[in-house]
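Working notes for the structure below.
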Amino acid sequence: DAGVIQSPRHEVTEMGQEVTLRCKPISGHNSLFWYRQTMMRGLELLIYFNNNVPIDDSGMPEDRFSAKMPNASFSTLKIQPSEPRDSAVYFCASSTTGQNTGELFFGEGSRLTVL
Amino acid sequence: SQELEQSPQSLIVQEGKNLTINCTSSKTLYGLYWYKQKYGEGLIFLMMLQKGGEEKSHEKITAKLDEKKQQSSLHITASQPSHAGIYLCGAAQSYNTDKLIFGTGTRLQVFP
């Protein structure tokens, strides 16, 4: 079975450019999470969707960040304009709400470098 | 807000040695989750603990949740190079939710 698929795996861009990260969750999962991982701050939850609806976006750093989930099989995280401090690995994870197993299925991440 | 602190931050052990990683929460835990991350990859779920005093094992890895439900330990017996990676504990914000916050992680290296 295909796991969570993220693209691109690596992105290098210049400050001020728009960055779009993509995620395809596991089919049948109805919860989707975007996390950001850095050495300094560890793994931070940015936003959480349930049934395609954003439930909690309190972790989104600022207005430069936005996330969408137009359907159950696709989500995007956009940064506009990007800044060097946005450099991190961005993970998407999905799960089935209500199972209460705590088992999130993570993608392999998108490593973003903003110069 | 809830915070999870892990110790040690990093660990280097010789193959065959036992080791323990600790995770302490600033609040009562509704559920404590252990994940492993291999370098350059996503996180893999290891196990979940919910009840005070609960203990679970997966191969040579054992995790315990203390009675007060604010601390967990992960113990690896007879470590192997395949155990190397970053171990993260995660906590649910409430019951019946998969929304997790994570600790800072413990980086484990195992040398032959």
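A note on names: the letters A, B, ... follow the listed sequences, proteins ahead of strands, and every chain is numbered from 1.
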message: Hydrophobic clusters here meaning ILVMFWY residues chained together by side-chain heavy-atom distances under 4.5 Å, can you tell me if B:Val13 and B:Trp34 are in one?
response: yes
Toward chain B, the part of A:Arg41 with a non-hydrogen atom under 4.5 Å: neither
- prompt: Between B:Lys99 and A:Phe33, what is the shortest heavy-atom contact and its length?
  reply: CA-CE2, 3.7 Å
query: Got a second to check how far B:Thr104's OG1 is from A:Met39's CE, nearest 0.5 Å?
result: 10.5 Å
query: Should A:Phe49 and A:Leu21 be regarded as members of a common hydrophobic cluster, given that ILVMFWY residues are connected when their side-chain heavy atoms come within less than 4.5 Å of each other, either directly or indirectly?
result: yes
task: Could you tell me which portion of A:Asp56 (side chain, backbone, both or neither) has an atom closer than 4.5 angstrom to a non-hydrogen atom of chain B?
output: side chain
- prompt: With a 4.5 angstrom heavy-atom cut-off, which part of A:Gln6 approaches chain B: side chain, backbone, both or neither?
  reply: neither
Crowding at CG, A:Asn71 (>12 non-hydrogen neighbours, <6.0 Å): yes
task: Count the heavy-atom pairs under 4.5 Å between each of A:Ser95, A:Ser31, A:Gly59 and chain B, then report the option with the highest count.
output: A:Ser95
- prompt: Crowded around A:Ile5 CD1? As in, over 12 foreign heavy atoms under 6.0 Å?
  reply: yes
field: Part of A:Leu43 lying under 4.5 Å from any heavy atom of chain B
entry: both
task: Answer whether the closest heavy-atom distance between the side chains of B:Tyr35 and A:Leu104 falls below 4.5 Å.
output: yes
query: Same hydrophobic cluster for A:Val89 and A:Leu45, using side-chain heavy-atom links shorter than 4.5 Å among ILVMFWY?
result: yes
Shared hydrophobic cluster for A:Tyr48 and A:Phe65 (ILVMFWY, side-chain gaps under 4.5 Å): no
- prompt: Could you give the distance from CG (B:Leu46) to CD (A:Glu103), rounded to the nearest 0.5 Å?
  reply: 10.0 Å
- prompt: With a 4.5 angstrom heavy-atom cut-off, which part of A:Tyr35 approaches chain B: side chain, backbone, both or neither?
  reply: side chain
- request: Indicate if B:Phe102 and A:Ile47 have the same hydrophobic cluster label, given that clusters are the connected sets of ILVMFWY residues with side-chain heavy-atom separations under 4.5 angstrom.
  value: no
